[in-house]
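Worksheet: the structure to be examined is printed underneath.
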Amino acid sequence: MQGPFRGIAKTLSGIFGGPVTIQPESGGPYEVRGIFRQVPGVVAAEGGAEIAVTRPQLKLHRPDADQIFDGDDILPGDGKTYRACGRTDPASPAPDALVTLDLEEV
């Protein structure tokens, strides 16, 4: 089933993505292409109230995401620094599938 969709992740990141600098905990910085977003969400507060928040996320090709570990700094070019703090692998087995990294602002 992968046939007609092969390479679509690379096309999407080429259209919607941009350069992102990765600063690993050890080693020098390097650049990858990814899609940085502020994703809306809801957090439960005291008394059952809900608060609308945004969570920073970065979508990367699986080979690039495999080189990033929790604690690595991410600089997406918005003037802020984020830290990798989680990962969600896609259901797709495609080698170039987009992996979602959860970030926190530093």
Side-chain angles (χ1 to χ4, degrees):
M1 187 72 191
Q2 174 178 316
F5 301 104
R6 185 178 298 259
I8 194 75
K10 185 169 187 153
T11 302
L12 288 173
S13 66
I15 294 169
F16 298 111
V20 176
T21 301
I22 309 299
Q23 176 60 63
E25 286 189 294
S26 60
Y30 63 94
E31 195 171 275
V32 297
R33 190 155 187 87
I35 303 169
F36 175 77
R37 301 178 12 168
Q38 292 282 354
V39 179
V42 176
V43 175
E46 282 188 44
E50 293 182 337
I51 300 172
V53 297
T54 58
R55 298 175 298 125
Q57 288 185 337
L58 181 64
K59 290 186 181 281
L60 298 166
H61 293 113
R62 190 184 314 267
D64 293 331
D66 288 344
Q67 303 304 312
I68 300 173
F69 301 95
D70 285 356
D72 289 351
D73 287 343
I74 313 292
L75 295 89
D78 68 348
K80 298 178 182 175
T81 301
Y82 301 88
R83 184 158 293 138
C85 63
R87 170 185 172 135
T88 303
D89 285 297
S92 170
D96 70 337
L98 291 175
V99 172
T100 302
L101 297 181
D102 293 317
L103 308 175
E104 61 185 4
E105 189 172 344
V106 180

Tracing side-chain contacts under 4.5 Å among Ile, Leu, Val, Met, Phe, Trp and Tyr outward from V42 reaches none
With clusters built from Ile, Leu, Val, Met, Phe, Trp and Tyr whose side-chain heavy atoms come within less than 4.5 Å, directly or transitively, what are the remaining members of the cluster of L75, listed by chain and number? none
Residues in side chain to side chain contact (heavy atoms under 4.5 Å, CB included) with [X], at least two apart?
X	value
A52	none
Y30	I22, P24, V32, Q67, I68
P63	H61

Contact check, side chains of L60 and L101, non-hydrogen atoms, under 4.5 Å: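 Yes - at least one pair of side-chain heavy atoms lies under 4.5 Å apart.
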Kindly work out whether a path of hydrophobic side-chain contacts (I/L/V/M/F/W/Y, heavy atoms less than 4.5 Å apart) joins L103 to V20.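 Shared cluster, yes.
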Could you report the tightest heavy-atom contact between P90 and V99, atom names first, then the distance? CD-CG2, 3.9 Å
dist D70:CG -> D72:CG (nearest 0.5 Å) comes out at 8.5 Å
Nearest-0.5 Å distance, CD of residue Q38 to CD of residue E105: 8.0 Å
Name all pairs fulfilling the ring-ring contact (aromatic ring centres under 6.0 Å, His included) condition that reach into [range], sequence neighbours left out, sorted by first residue then second.
range	result
residues 84-106	none
residues 82-106	F36-Y82
residues 85-106	none

Contacts of D102 that satisfy side chain to side chain donor-acceptor pair (under 3.5 Å) - sequence neighbours left out: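 In terms of side chain to side chain donor-acceptor pair (under 3.5 Å), with neighbours along the sequence ignored, D102 is linked to Q57.
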Can you run down the salt bridge (Lys or Arg N to Asp or Glu O under 4.0 Å) pairs that involve residues 75-93, sequence neighbours left out, and say none if there aren't any? R62-D89, D66-R87, D73-R83, R87-D89
Any salt bridge (Lys or Arg N to Asp or Glu O under 4.0 Å) involving residues 21-45? Give me the pairs, sequence neighbours left out, ordered by first then second residue.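 Listed by first then second residue: nothing to list.
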Derivation and outcome, side chain to side chain contact (heavy atoms under 4.5 Å, CB included), residues I74 and T81: CA-CA 6 Å; I74 313 292; T81 301; over 6 Å; no
